[in-house]
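Everything below concerns the one structure shown next.
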Amino acid sequence: MRRSTAAKRGAGIAAIAVLALAASACSSSKSGGSASGSAAKDPASVKGTVTWWDTSDATNEAPNYQPIIKAFEAKYPNIKVNYVNVPFSDAEDKFKTAAQSGSGAPDVLRADVGWTPAFAQLGYLQPLDGTPALANDSDYMPGPYASDHYNGKIYGVPQVTDTLSLLYNKDLLAKAGITTAPKTWDELKTDSLQIKAKTGVDGTFLNAASYYLLPFIYGEGGDIIDASAKKITVNDATALKAVGIAQDLVKSGAAVTDVTKDGYNNMQTAFKDGKVAMVVNGPWSTADDLKGSAFSNADNLGIATVPAGSVKAGAPVGGHNLVVYAGSKNLDASYLFIAYLNDAQNQATIAAKNNVLPTRTSAYSDPQVANNKILSAFEGPLKNAVGRPPVAGASDLFTPLDTDYQAILGGQKSPQAALNDAATQFAQILPGFSKS
Amino acid sequence: MRPLKRLGRSFDKYWYGWAMAAPVVIVMLVLVGYPFIWGAYLSTTNADESNIGHDIGVNHIPPSYHSVGLHNYWDILSGNDGHFYSTLTWTLIWTFVNVFFHITIGLGLAVLLNRKIRFRGGYRLMLILPWAVPGFVAAFAWRLLYNDNGVFNAVLKYFGMHGVQWLAQPTSAKIAVIAVNVWMGVPFMMVSFLGGLQTIPKELYEAAEMDGATAWQRFRMVTLPGLRPVMMTVTLLGVIWTFNKFDVIFLVTEGGPAGSTDILVTHAYQVAFANIRQYAEAASYGVVILSMLLVFATVYRRSQAKLEVQA
């Protein structure tokens, strides 16, 4: 399960995005085009069925949306919501297929922040400027909101934001005589070996997906591409060093990994059953963790910023946006649904129940969120999180990199050869970028 | 003019047959012919998801792909794309090993079940079961068996050994997918051979026994020649099916670890749908795969026909 992102850029870029948004919002409301015309429609007169593809976890997260959908249908009796839960890992494929063929696509999709600009570029998304979907949008955090902007238009609203953190089993660390969570990859290695020696369980489970390689690369001060220089950096010296650290964790026995399709699920099972002490994962996984025997006492779940490399500690910003399919026959109803689902109150409710981080600033002052220990524990990691390059094809880079990262961890290819191969594939996805 | 005239005469004479066949022919043209021609055309262009053109709501994106001649084929066949020859080698091994086990195990079971034994019906039912289970159910079930916490590792751990990550290493993953496919493919072969065995006249066996032939000799001299027509067909079918066996590979390993179990069709699928959708390149792969199977089928049928004449 990979979470990709293009959300948080530097503060400067975010500020520009906010300005751009303000400008575009003004212009569309002045021009009074068809979009703003629909904004003026009486909501009670809007009819139709909104099909929503939700990509959240079907067992842990999805049920919490049902009361909100019921309340929405009660408020707008002429609108029906057709709720469909689509597994996150299939959603991008399914949506692309449906959107391109022109039939079967949902009206509203919960899209990864990394997909949003790519879908917009392909023409699959309806611009939302001047529609009710953007109600009260000055409340959105600028970082996540930036991922909805493409070519001067707004193609979605941020629903949740997230970043990777180090999640750990406090009991197991204490049993091994470790008092604080490791702050660097070196410490993580020592601690993991110590945990294994003293408690017999594995220290760390390393997810072999390339999204989870990013903290290692950011830790050495690198990135997979340099968007401003239009350069592919996935095979440079810093990335190579980062991959070496991950590889060494596995080779030395400090970490276990699983390069098969079931890797993510096996990681979750091992962690929540107390068979491994530490994992790197996002807030979305904590609802699942808390159902496991190891965390029947929720206080046993420790959350810390991902370990640092030789330069800094950094994990990617992820999250999801609500976007509208351009071919939707129920645009007005879709806008209203998004506005309702994403108002501060409902965001706070979902955030507290599903342990996901809201994107509205005001939602954080809601007591449900403010008093949620897990959510507040993610505040530190989120501050250290790194935005990824604002390039439409950025989310497509993970598929080839996954294969090469697996080949490295599985010992089938040397790190340099595998990263060079990734760079070759990146060059096909990003025309105009040069290889280093 | 002549063939046309002949066609016209044949139409006059057999109009009924033509009329009966017409719906099938039309449906085949629409369902097979059109996509095939379209695919062959796409393979000579640079079409991908961004330039194929579409109209969605307010967005109109005109098609902007253009012809690149045989570039895609050159890219594949010269080995430039970095996948073709390694994938082809594994595809050939995969096909050969699978068909070999399908036929030997299927034939063995068929001979066993052709005798009069008690509970024969029950055995037949049990052995046909893998075939009745839908492919994806079987694939997921096997994935659970191979999982870190699956049955195979539980057995190993019971005997004090370490668990193995079956699907994480190229060699064990290759053996694993072959095992799944053999399990799924044997029943069809068994049933086909059972059918074939029943067409061999009993008198031949009686005669052979009178002549003092041993069991092995009877099998080699009577059973095998008697099964040749069935054997020839199922081998051809088996090769084509296994060569294009998408579900087992895709659902058990998705081509992993790191692409080592990808066969040509799963690789082509990934080119077309897994990331940036490169329709043109995937179409070229499709044409290459089809051509290889056509050549194989032709050569195979010719060689078998020759054998038949000799025999």
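Chain letters run A, B, ... following the sequence lines, proteins first and then strands; every chain starts at 1. Heavy-atom basis, side chains included; hydrogens, waters and symmetry copies ignored. In this text the structure is predicted, and so the values were computed from the model without any measurement.
In this structure, chain B has no heavy atom under 4.5 Å from any part of Lys413(A). For chain B, the nearby parts of Thr97(A) are the backbone and the side chain; heavy atoms of each come within less than 4.5 Å. Heavy atoms closer than 4.5 Å to chain A are found in both the backbone and the side chain of Glu49(B). Neither the backbone nor the side chain of Tyr405(A) comes within less than 4.5 Å of any heavy atom in chain B. For Ser50(B), the parts lying under 4.5 angstrom from a heavy atom of chain A are both the backbone and the side chain. Neither the backbone nor the side chain of Ile408(A) comes within contact range of chain B; no heavy atoms are under 4.5 Å apart. Neither the backbone nor the side chain of Gln270(B) comes within contact range of chain A, judged by heavy atoms closer than 4.5 Å. Looking at Asn149(B), only its side chain comes within 4.5 Å of chain A, counting heavy atoms on both sides.
Environment of CZ in Phe36(B): sparse, with no more than 12 heavy atoms of neighbouring residues, nucleotides or ligands closer than 6.0 Å. Open room surrounds CZ on Phe100(B); 12 or fewer heavy atoms of other groups in view lie less than 6.0 Å from it. In the displayed structure, Lys157(B) atom NZ is contacted under 6.0 Å by more than 12 heavy atoms of other residues, nucleotides or ligands. Sparse packing is recorded around CZ of Phe101(B), with 12 or fewer heavy atoms of other residues, nucleotides or ligands lying under 6.0 Å away.
The minimum heavy-atom distance linking Lys261(A) with Leu251(B) is given by the pair NZ-O, 3.5 Å.
Although no hydrogens or angles enter the test, the distance criterion places no donor-acceptor pair under 3.5 Å between the side chain of Gln412(A) and the main chain of Gln169(B). Remark: side-chain polar atoms of His54(B) are not paired, donor with acceptor, to backbone N or O of Ala99(A) under 3.5 angstrom. Gln406(A) contributes a side-chain N or O that, together with a main-chain N or O of Ala258(B), makes up a donor-acceptor pair within less than 3.5 Å.
Contact count versus chain A (heavy atoms, under 4.5 Å) is highest, among Val252(B), Asp55(B), Asn147(B), Asp48(B), for Asn147(B). Heavy-atom pairs under 4.5 Å with chain B peak, among Gly410(A), Ala407(A), Pro400(A), Gly123(A), at Gly123(A). Of all the listed residues (Thr403(A), Val259(A), Asp262(A)), the one sharing the greatest number of non-hydrogen pairs under 4.5 Å with chain B is Asp262(A). Taking Gly327(A), Gly263(A), Ala270(A), Ala326(A) one by one and counting their heavy-atom pairs under 4.5 Å with chain B, the maximum is reached by Ala326(A).
Separation of atoms CG (Leu122(A)) and CD1 (Ile61(B)) is listed at 7.0 Å; rounding is to 0.5 Å. Rounding to the nearest 0.5 Å gives a distance of 11.0 Å between CD1 of Ile56(B) and CZ of Phe119(A).
Considering Asp258(A), Asn266(A), Thr260(A) as possible partners of Gln165(B), the one that fulfils the side chain to side chain contact (heavy atoms under 4.5 Å, CB included) test is Asp258(A). With respect to Ile276(B), the side chain to side chain contact (heavy atoms under 4.5 Å, CB included) criterion is satisfied by exactly one of Leu397(A), Thr399(A), Asp396(A): Asp396(A).
A salt bridge links Arg277(B) to Asp93(A): at least one charged side-chain nitrogen sits closer than 4.0 Å to a carboxylate oxygen.
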